[in-house]
Amino acid sequence: MPPHATATDDRLAAIFARYAGQPGDMIPILQDVQAVFGYLHRDAMSATARFLNLPEVAVYEVATFYTQFHLTRQGKHRIKVCQGTACYVRGGRRVMQAVRKKLGIKPGETTADFQFSLERVACFGSCALAPVMVVDGKVYGGMTPQKALELLEKLE
Amino acid sequence: MTFEDVREKAIRAWAEFEADERRLVLVGTGTCGRAAGAEELIEAIAECLPSLAPDAHICEVGCLGLCYAEPLVELRGPGLPRVLYAGLSPDDAPALLDGYFGHGDVRHDRALAVMDGPAADGIPAFDDLPMIKGQLRIVLRNAGRIDPENVEHYIARGGYAGLAKALSMSPEEVIQEVEDSGLRGRGGAGFPTGVKWSFCRRAPGDRKYMICNADEGDPGAFMDRSVIESDPHSVIEGLAIAAYAIGAAEGYVYARAEYPLAIERLNKAIAQARELGLLGDGVMGSEFRFDVKLKQGAGAFVCGEETALLASIEGKRGMPRPRPPFPAQRGLHDCPTNINNVETLATVPVILERGSGWLAQYGTERSRGTKTFALAGKINRTGLIEVPLGTTLQQIVFDIGGGVPDGKRFKAVQTGGPSGGCIPAAMLSLPVDYERLTEAGSIMGSGGMIVMDEDTCMVDIARYFVEFTQSESCGKCVPCRLGTRQMLGILNDITSGRGRPEHLDLLNEIARAVKLGSLCGLGQTAPNPVLTTLRHFRDEYEAHIEGKCPAAVCPNLVSSPCKHTCPAGVDVPRYIRCIAAGRYADALDVIREKIPFPGVCGRVCFHPCESKCRRALLDDPVAVRALKRFAAERGADRPARQRPAPKTTGKAVAVIGSGPAGLTAAYYLARLGHHVVVHEREAEPGGTLRTGIPPFRLPREVIDRDIQGIRDAGVEIRTETSVASLEELLNDGFDAVVLACGALKGLKMGIPGEDDPRVLDCLSFLKQANAGADPGLGKRVAVVGGGSSAMDAARTALRLGAEEVTVLYRRTRQEMPAAPEEVDHALAEGARLEFLTAPTAVRDERDTLKLDCVRMELGQVDASGRRRPVPIADSRFELEVDSAIMAVGQQPESVAAPGLETDRRGRVQVDRGTQQTGCEGVFGAGDVVTGPASIIEAIAAGRKVAAAVDEFLGGTGDIDEVLAPPEDVEGLAPLEEQEERRRVQPRLRQPGKSVGDFDEVELSYTEEEALLEASRCLRCDLEEPEEE
């Protein structure tokens, strides 16, 4: 059980209050939960199942299907390196390689000190500015391995 | 308030916004603009604007589609042209605003175009920009021109008039209108929209749903994002019209979560629409009621497929289901549902407002209207465009997109995202419409168009797409779930050096099975990138199976791009490290391990290695050739190590031709212990090295020194020796013969008057001049051609006393085969280059020659990826000269022998594996087989044929030598440098002046220069292998 159990219950209740409890609310609820907690922890998923009156596996199967959802704690800084076609063709692969090496983790992982999470994303739709990297929600275009490392260093 | 009232108020608001007296700063703040720094720019503008123009306002607009030029700012002021400025940084703001608002100075150096008006002050009108000229912006009608968060802007420009019109018609009439327009689904499948609506209309049921698919998941596509960010109401209006037509009261927009700005703008627009009675109960005061909710995707590409999308809205895993039943009959919550793409819906209001005929007048017979495309990848002008269907790929890539950057060659354009295919240069004249793209093996798709060049590996691209679709496969059906995994496995093998010839057929088979057996569009189209690349780029697959990645990309095949690209495999990074460590003799030994011509290559290799050098991404490619020259000169200071003489095999090989191919083959065969005799027709050995390349580029001593090294290996060279018959040689005691006689016959243009004695063949001319003779060209010389020989001829003519040397080339400078530095030298020495010019006839005017010439323009792209020059009518002019030199190509002289086959270009045919000709025991290598190619390719061919001949004679075919001491790379790592340090250019003897003599023009590096240049190498070969 996470240490702040009661606070969690309150925050979850605030989320559920916005919804009617229809099956179609599943994904929006999970998105709200993740926005608040940073990831979907076990108890949150159980609570969601209870609220929607569905078996827990119904929540689990949705949580594991969509790549947006994280089931483990994420880092303070979210690094998403685009590996969409335009970014790939314009050198995005080497940007990812450089970032991987620098952070010491693979895409989908978080650093041991929970400072950084790394993800590969297929496309942010900013292809004209390839290669693209998104750091904490801000889109940066025209990346090179060098520029990516500079950006990361600024965050540390 | 009625809609009419709303409209009138909007028109007044818009007129105020557009009024001439207004001072406005419009900044594009779509996601692209922001990624390029638009927010920081606005901050800077907001800071200085109040003091420079107190009554000026900043307005955030959407995307004009010129993403390559972001951030974009438009300035408007009384009495001034409205000017669009590109690529601004926050530091530019104060001076720009002060100039424009303070002094009426429109600041040309940053100005891109004049908006809403004619060209002014030398700034072109927006509509005349090459990127805009071919476009027809219908879906993008408001993008970049309005404030997307101001509904009045939308309404004033005709917004919601379509909906008003629709509500005055019956739903069936609305459907008919859309059918008549010819609109087809813009999401990719291209199903006729009106027909799709009619299915839903006819489906029984009280409750129906209208859904907009804004899950634009194709990597490389951003059209829908842009439309929603720049003009969200166009989508809402389209939705409302569609809902009315099909009889739905509830609607959804399903937008992907990766588009937060689009979602924000859409939510705002929905709220505004509700406020104005354009959504909700009683739309526009009518009986029709319709409301829209937004649903966010959660990161699953498959949810772009309509049944998966529906599952997602219902809160389930996004897995498709079999159809029938189609969503039109049973969709969301089992009710009749119609799903349309963003672009489709954004087009609908225009169809209603202007009538179906208006849209139908554009496009092709079966593909009416326009289509947006997201142009990205290796293209100069990346961005969002909209063109009438039927526009050709060539127009899009070259005219609108501005072609491929950095002088690289176009290779392919990918359309349709992971569901589409790669279209090669040979098919660039394809008009873009649904049927034609499908015929070519691709699909229209949502509109993503990625351009690829010579540095893109097509096998890697196929692997990339399959990796994507495999990871996005929902897993429900076996063909897709397992088939994509199998295809990926094979592609990983091929790109990692584990490929086998059988893999290609297997890949093809699996691809077809996945296509036929998959449940939904994801699986059915996942094989397309594989199938199209196999079809159009099979040679790249085959090269990978043989261990070579032609684009020098695949990390598990390529240790360093330079070494990989070198046809002879010279270990470039290693010899550069030797130079950097001061071990010049070792550097020379490393080079000599692969090629017996270090001196020659150090002078005149055309350095394909440099074209792939990764340093170029930071500043300039490393000067590999100049460093090789340095090593060849300095390394020779230490006497060559004595190597043990090889054991003689008792076999004898005759080599015909002492050019680079023949002598290289001879060298390696002698090193393997065979008795080698080279037969050379001319008085001195070297082939075209001596006869074709002038001494000011390649001094004779350099050739002699390299050849001496070959003689020292035991090769006997018989000069002034012609070979009458190959059979005789074989009967004379030779066990094998290597034909390496080159391609010495000059091609003719085939124009009238070419036979005049004052029209010289380039190679013959150079041979005479390089032997010290003066063919007597006269003062005015024309050289026709654009390759190295043409440049050599021009520079030689100048040295022989010609005062006016004009080079005529039928294409542009960028397309000249000659190396850029050779062209620079020719220009510096005084040659005049006339591009896009070709002679059509030579006329004898007794004392002079008159060349009839015509100007050319670039037309269709041909299979080589270059645009074919086409004569411009009525552009003839005359060039008066004393002589002309034709340098338009060469082919091998005829070689006749029983069993020997040549093609219609005179090239001797050899077996791809054994290098043997059709005549037993006779092998071929170099230009005589390939046609004119480069020295290093000839050397590589010499190596290959030597190995093949050795095997034929019973040997192992192993020609590898170890000459340099083993290298210890412990503690060495790739160079991680972020600072730009430009290349050290080799100095010239007399820079910028025309020269009178034939002495060498380029100087060698000093030790300091060489060490500095060697330190720029990134040591790519020391990079750790990539994890799979």
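Heavy atoms only: backbone and side chains are in, while hydrogens, waters and symmetry mates are out. Sequence lines set the chain letters: A, B, ... in the order given, protein chains first and strands last, and positions in each chain run from 1. Since the structure is predicted, the reported quantities are computational estimates derived from the model, not experimental observations.
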May I ask you to name which of B:Ala35, B:Cys67, B:Pro418 has the most heavy-atom pairs under 4.5 Å with chain A? B:Ala35
Is B:Glu467 close to chain A through its backbone or its side chain, or both, or neither, when contacts mean heavy atoms under 4.5 Å? side chain
Select one option (side chain, backbone, both, neither) describing which atoms of A:Lys101 are under 4.5 Å from chain B's heavy atoms. side chain
Partner chain A: residue of B:Glu39, B:Lys316, B:Glu258, B:Met319 with the largest heavy-atom pair count (under 4.5 Å): B:Lys316
B:Leu375 side, atom CG; A:Cys127 side, atom SG - distance, nearest 0.5 Å: 11.0 Å
A:Cys123 SG to B:Tyr259 OH distance, which is reported to the nearest 0.5 Å: 5.5 Å
First locate atom CD of A:Gln68, then atom CD of B:Gln296, and finally report the distance between them rounded to the nearest 0.5 Å. 6.5 Å
Under 4.5 Å, heavy atom to heavy atom: which of residues 139-146 of chain A reach chain B? Give them by number, or say none. A:Val139, A:Tyr140, A:Gly141, A:Gln146
About how many Å separate OH of B:Tyr254 and CD1 of A:Ile27, when rounded to the nearest 0.5 Å? 5.5 Å
B:Glu1024 CD to A:Gln97 CD distance, which is reported to the nearest 0.5 Å: 10.0 Å
Which answer fits A:Ala130, side chain, backbone, both or neither, if we ask what part of it has an atom under 4.5 Å from a heavy atom of chain B? neither
Contacts with chain B made by residues 82-89 of chain A (heavy-atom distance under 4.5 Å), listed by residue number: A:Gln83, A:Gly84, A:Thr85, A:Ala86, A:Tyr88, A:Val89
Got a second to check how far B:Ser312's OG is from A:Tyr66's OH, nearest 0.5 Å? 3.0 Å
May I ask you to name which of B:Arg256, B:His333, B:Glu976 has the most heavy-atom pairs under 4.5 Å with chain A? B:Arg256
